[in-house]
Engineer: 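Sharing a structure with you now.
For the numbers below, each heavy atom of this structure counts, side chains included, while hydrogens, waters and symmetry mates do not. These numbers come from a predicted model, not from an experiment.
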Amino acid sequence: MVDLATAVAVRHDPAEVVLSRIVPFPVARVEVGAGLSGDLLAMTAAMKELADLAEPVRQQGPSAAVFARFSADPAADILAQADTTRADVVFVTAGQDGLAALRASLVTVVAPPPDGWATVLVRVDGDDGEAVLRLGAAIAAAHRAELIVDAGARPARRLAAAVRELGGTVLGPDVPPAALVIGTVATADAHLVVRAAQPAVRADRDAPVPTTAPA
């Protein structure tokens, strides 16, 4: 997930990737050794893992910040963090509910990407179709992968023009089976499900573009 979030961030300059781990409060505290509690050990391990993930992000250009905390309400903390950082895109793992009020674009990783994928297959469907297309194009460009777009049996001219502008091709008869599939909630075979940003979000071109990726 961090790799995919970085692929989106590198398309902007300046940009920032925020690696966030929201740790549920432990049910019980367990004391370990000389007063070092189990929950403190869990937090230390989380911060170490995030720091290790952040270094490759910085090597690709974007700045990277790490954030970890205990929470009784992970969804509320994700919403608050996204607002504080003015995130344009938020990546989460499947099963994270309670984000309907999120104003940024929401990308949910619902299935692991296939090994060795070299093609991004974008399935454009419904009101979120343009957001799906833009995200797919950014990931394909960052990975130097082929971009293929499934726009239905009769794609609109405007959409076909946008695909050409982004360097993609409209779906043909020969689609590689090992493709990263990006779509909407209606896309049955998607690895990434995209929900477009809410109308209140407006890009600020003079400010860094934060991309929050809970790890």
Engineer: Starting from Val185 and following side-chain heavy-atom contacts under 4.5 Å between hydrophobic residues (I, L, V, M, F, W, Y), which residues can be reached?
Structural biologist: Val110, Val193
Engineer: In Å and rounded to the nearest 0.5 Å, what is the CE to CG distance from Met47 to Leu50?
Structural biologist: 6.5 Å
Engineer: Is there side-chain contact between Glu16 and Ser63, with heavy atoms separated by less than 4.5 Å?
Structural biologist: yes
Engineer: Only pairs at least two apart or in different chains count here, so list each salt bridge (Lys or Arg N to Asp or Glu O under 4.0 Å) that has a residue in residues 89-101.
Structural biologist: none
Engineer: For the backbone of Val89 and the side chain of Ser105, can you confirm whether one donor and one acceptor N or O come within less than 3.5 Å of each other?
Structural biologist: no
Engineer: Check the pair Val124 / Thr184 against side-chain contact (heavy atoms from CB on, under 4.5 Å), numbers first and verdict last.
Structural biologist: CA-CA 8 Å; Val124 178; Thr184 66; over 6 Å; no
Engineer: For residues 138-148, run the donor-acceptor check on the side chains, cut-off 3.5 Å, and write out each pair with its distance to 0.1 Å, sequence neighbours left out.
Structural biologist:
{"unit_1": "His143", "atom_1": "NE2", "unit_2": "Asp3", "atom_2": "OD2", "d": "3.2"}

Engineer: Using every non-hydrogen atom in the two residues, find where Val90 and Ala82 come nearest and quote the distance to one decimal.
Structural biologist: CG2-CB, 4.0 Å
Engineer: Within the 4.5 Å heavy-atom criterion, are Thr108 and Gln96 side-chain neighbours or not?
Structural biologist: no
Engineer: Sort and list the pairs that fulfil salt bridge (Lys or Arg N to Asp or Glu O under 4.0 Å) and have at least one residue in residues 177-187, not counting sequence neighbours.
Structural biologist: none
Engineer: Rounded to the nearest 0.5 Å, what separates atom CZ in Arg134 from atom CD1 in Ile182?
Structural biologist: 14.0 Å
Engineer: Between the main-chain N or O of Ala196 and the side-chain N or O of Asp128, is there a donor-acceptor pair closer than 3.5 Å?
Structural biologist: yes
Engineer: So Val2 and Thr6, side-chain contact (heavy atoms from CB on, under 4.5 Å) or not? Walk me through it.
Structural biologist: CA-CA 6 Å; Val2 174; Thr6 304; 4.1 Å; yes
Engineer: Distance check, rounded to the nearest 0.5 Å: Leu192 atom CG versus Leu180 atom CG?
Structural biologist: 5.0 Å
Engineer: What heavy-atom pair brings Ala190 and Ala111 nearest, and what distance separates the two atoms?
Structural biologist: O-CB, 4.2 Å
Engineer: Would you kindly say whether Ser20 and Gln81 are connected by a side-chain donor-acceptor distance under 3.5 Å?
Structural biologist: yes
Engineer: Please find the pair of heavy atoms, one from Ala104 and one from Asp88, that lie closest to each other, and give the distance.
Structural biologist: CB-O, 3.5 Å
Engineer: Going through the checks in order, is the side-chain contact (heavy atoms from CB on, under 4.5 Å) test met by Val107 and Leu135?
Structural biologist: CA-CA 9 Å; Val107 181; Leu135 181 84; 3.9 Å; yes
Engineer: Honestly curious: do Trp117 and Val109 fall in one hydrophobic cluster under the side-chain, below-4.5 Å linking rule?
Structural biologist: yes
Engineer: Measuring from atom CD1 of Ile78 to atom CG of Asp83, what distance do you get when rounded to the nearest 0.5 angstrom?
Structural biologist: 12.0 Å
Engineer: side-chain contact (heavy atoms from CB on, under 4.5 Å) between Leu106 and Val194: does it pass, once the steps are laid out?
Structural biologist: CA-CA 6 Å; Leu106 177 64; Val194 180; over 6 Å; no
Engineer: Can you give each donor-acceptor pair under 3.5 Å made by side-chain atoms of residues 64-77, sequence neighbours left out, with the distance rounded to 0.1 Å?
Structural biologist:
{"unit_1": "Ser71", "atom_1": "OG", "unit_2": "Asp73", "atom_2": "N", "d": "2.9"}
{"unit_1": "Ser71", "atom_1": "OG", "unit_2": "Asp73", "atom_2": "O", "d": "3.1"}
{"unit_1": "Ser71", "atom_1": "OG", "unit_2": "Asp77", "atom_2": "OD2", "d": "2.4"}
{"unit_1": "Asp73", "atom_1": "OD1", "unit_2": "Ala76", "atom_2": "N", "d": "3.3"}

Engineer: Working to the nearest 0.5 angstrom, can you tell me the gap between Arg86 CZ and Arg103 CZ?
Structural biologist: 9.5 Å
Engineer: Would a distance-only check, ignoring hydrogens and angles, find a side-chain to backbone donor-acceptor pair under 3.5 Å from His191 to Val181?
Structural biologist: yes
Engineer: By the salt bridge (Lys or Arg N to Asp or Glu O under 4.0 Å) test, which pairs, at least two apart or in different chains, include something from residues 183-197?
Structural biologist: Arg123-Asp189
Engineer: If two hydrophobic side chains count as joined below 4.5 Å and joins carry through other members, does Val10 share a cluster with Val8?
Structural biologist: no
